Amino acid sequence: MNDRQLLRYSRHLLLPEIDLAGQEKLMHASVLIVGAGGLGSPAALYLAASGIGKLVICDHDRVDLTNLQRQILHETAAIGRLKADSAQDTLRRINPDIQIVSLPQRASIGLLTKEVYEVDAVVDACDNFPTRHAINQVCLKYRKPLISGAVMRFDGQVTVFDLRQQESPCYHCLFPESGESEDPNCALMGVFSPLAGIIGCMQAAETIKVLIGMGETLNGRLLLLNGLNMQWRSLKLQKDPACPACGPNRPRRGQVAVQSL
């Protein structure tokens, strides 16, 4: 770490839970963020500012005027641009010392299989169930920690699936594919913009904790936030022994039981 980096990260270095060793772990870490929208924006900004060595931003969508109310990675001039490219430019301005990779593609099984293998943690900031389940399956395959968040209207939730741990539940344990209806849509339901910032920032915090190995993460706990009264609820999550994704009858190692998107 050079003198400039020592100054940039000095407030982290003052924390004994992080210190020089923890900051160096962050600088050598790589994270995949799936989705550069309302959740991915604050998560990416804080992870970049905190010095994560490599951030991979996956999003096939383009910036729209309706995104700007909550997707703070993008400015008005970015309307029409690919979100992954817009995010890359913003994050490079935030921290030019780290590597930012733009992946303006759909998060297909093939793409996820390649990218998840190469990173240390995955932030699920997408907005649809098929992609979330695909991310879960690939993270299970490679035993990578998955930091999950979601927001809708005035409700937010965040949790960690630390799939490095055998006893950890997975996303499928919480939201079985067979139990889902249609995906909720922000365009129809609406979303309170600061709520995306709160949950996205918590995803960044949990990612840093996972990478350094400090404190107690949200693995095995689901936090629910009501943005209207700012009350939190904490629910304990347990591994489903009958889960087809992570239970005894899960696919053999090397297989992924999700259709390509």
Side-chain angles (χ1 to χ4, degrees), residues 1-13 18 20 22-107 111-112 114-127 135 144-145 147 149 193 196-212:
M1 197 179 300
N2 59 38
D3 290 344
R4 183 179 178 85
Q5 291 169 325
L6 289 171
L7 284 173
R8 179 183 283 270
Y9 306 120
S10 60
R11 300 307 187 266
H12 265 180
L13 302 180
I18 299 181
L20 184 63
Q23 188 61 46
E24 287 184 337
K25 286 182 180 179
L26 297 183
M27 294 174 65
H28 289 93
S30 57
V31 174
L32 169 64
I33 301 177
V34 183
L39 295 174
S41 289
L45 286 167
Y46 271 102
L47 290 176
S50 297
I52 303 299
K54 180 181 178 181
L55 288 177
V56 182
I57 312 296
C58 179
D59 197 314
H60 72 284
D61 203 3
R62 293 182 180 270
V63 180
D64 183 82
L65 180 61
T66 61
N67 301 149
L68 303 184
Q69 164 252 17
R70 66 201 177 281
Q71 299 183 14
I72 57 176
L73 268 174
H74 316 294
E75 55 190 16
T76 303
I79 292 174
R81 293 192 65 195
L82 288 163
K83 288 184 181 179
D85 291 346
S86 171
Q88 182 182 54
D89 290 346
T90 301
L91 297 173
R92 280 176 174 169
R93 291 195 296 269
I94 294 292
N95 191 346
D97 294 338
I98 66 174
Q99 183 180 1
I100 310 293
V101 178
S102 169
L103 278 182
Q105 304 174 46
R106 287 188 179 275
L111 182 68
L112 289 169
K114 175 181 181 297
E115 297 298 330
V116 171
Y117 176 78
E118 297 178 351
V119 299
D120 300 300
V122 179
V123 175
D124 177 1
C126 71
D127 62 357
I135 295 168
K144 297 297 175 76
I147 298 87
S193 63
I198 294 169
I199 300 300
C201 285
M202 292 190 69
Q203 287 182 273
E206 290 299 302
T207 302
I208 291 171
K209 288 162 61 181
V210 163
L211 293 173
I212 293 178

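Being a predicted model, the structure only gives us computed values, none of them experimental. The figures here come from the full heavy-atom set of this structure, side chains too, leaving out hydrogens, waters and symmetry mates.
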Separation between CD of Glu115 and CG of Leu111, rounded to the nearest 0.5 Å: 5.0 Å
Steps toward side-chain contact (heavy atoms from CB on, under 4.5 Å) verdict (Ile52, Asn95): CA-CA 10 Å; Ile52 303 299; Asn95 191 346; over 6 Å; no
Non-neighbouring partners of Arg81 that pass side chain to side chain donor-acceptor pair (under 3.5 Å), sequence neighbours left out: Asp89
Minimum-distance pair of heavy atoms, taken over all atoms of Cys126 and Ile135: SG-CD1, 4.3 Å
Identified side-chain contact (heavy atoms from CB on, under 4.5 Å) counterpart of Val123 within the set Ile57, Leu55, Leu39, Ile33: Ile33
CD1 on Ile147 to NZ on Lys209, rounded to 0.5 Å: 11.0 Å
Heavy-atom closest pair, residues Ser193 and Arg70: CB-CB, 3.8 Å
Nearest heavy-atom neighbours spanning Ala121 and Leu211: CB-CD2, 4.1 Å
Minimum heavy-atom distance Gly37-Pro42, with the two atoms named: O-CD, 4.4 Å
Side-chain touch Val56/Ser30, heavy atoms, less than 4.5 angstrom: no
Approximate separation, where rounding is to 0.5 Å, of His12 NE2 and Ile18 CD1: 4.0 Å
Any donor-acceptor N/O pair, Thr90 side chain to Leu73 backbone, under 3.5 Å: yes
Residues Ile100, Gln88; criterion side-chain contact (heavy atoms from CB on, under 4.5 Å); working and verdict: CA-CA 6 Å; Ile100 310 293; Gln88 182 182 54; 3.8 Å; yes
Arg106 side, atom CZ; Leu112 side, atom CG - distance, nearest 0.5 Å: 12.5 Å
Asp59: side chain to side chain contact (heavy atoms under 4.5 Å, CB included) partners, not counting sequence neighbours: Ala36, Asp61, Lys83
Point-to-point distance, once rounded to the nearest 0.5 Å, from CZ of Arg62 to CG of Asn67: 12.5 Å
Sequence-distant partners of Gln203, side chain to side chain donor-acceptor pair (under 3.5 Å), two or more places apart: none
Close side-chain approach of Leu6 and Leu20, heavy atoms under 4.5 Å: yes
Residue pairs involving residues 37-54 (criterion side-chain hydrogen bond (donor to acceptor under 3.5 Å, both in side chains); sequence neighbours excluded): none
Point-to-point distance, once rounded to the nearest 0.5 Å, from CD of Gln23 to NE2 of His28: 11.0 Å
Where Gly40 and Ala125 come nearest, the two heavy atoms and their spacing: N-CB, 3.4 Å
Pair Leu47-Ile208, side-chain contact (heavy atoms from CB on, under 4.5 Å): steps then yes or no: CA-CA 8 Å; Leu47 290 176; Ile208 291 171; 3.8 Å; yes
By side chain to side chain contact (heavy atoms under 4.5 Å, CB included) - contacts of Thr76 (at least two apart): Leu68, Ile79
For Ala196 against Gly38, the heavy-atom pair lying closest together: CB-O, 3.4 Å
Contacts of Gln5 that satisfy side chain to side chain contact (heavy atoms under 4.5 Å, CB included) - sequence neighbours left out: Met1, Asn2, Tyr9, Met27, Asp97
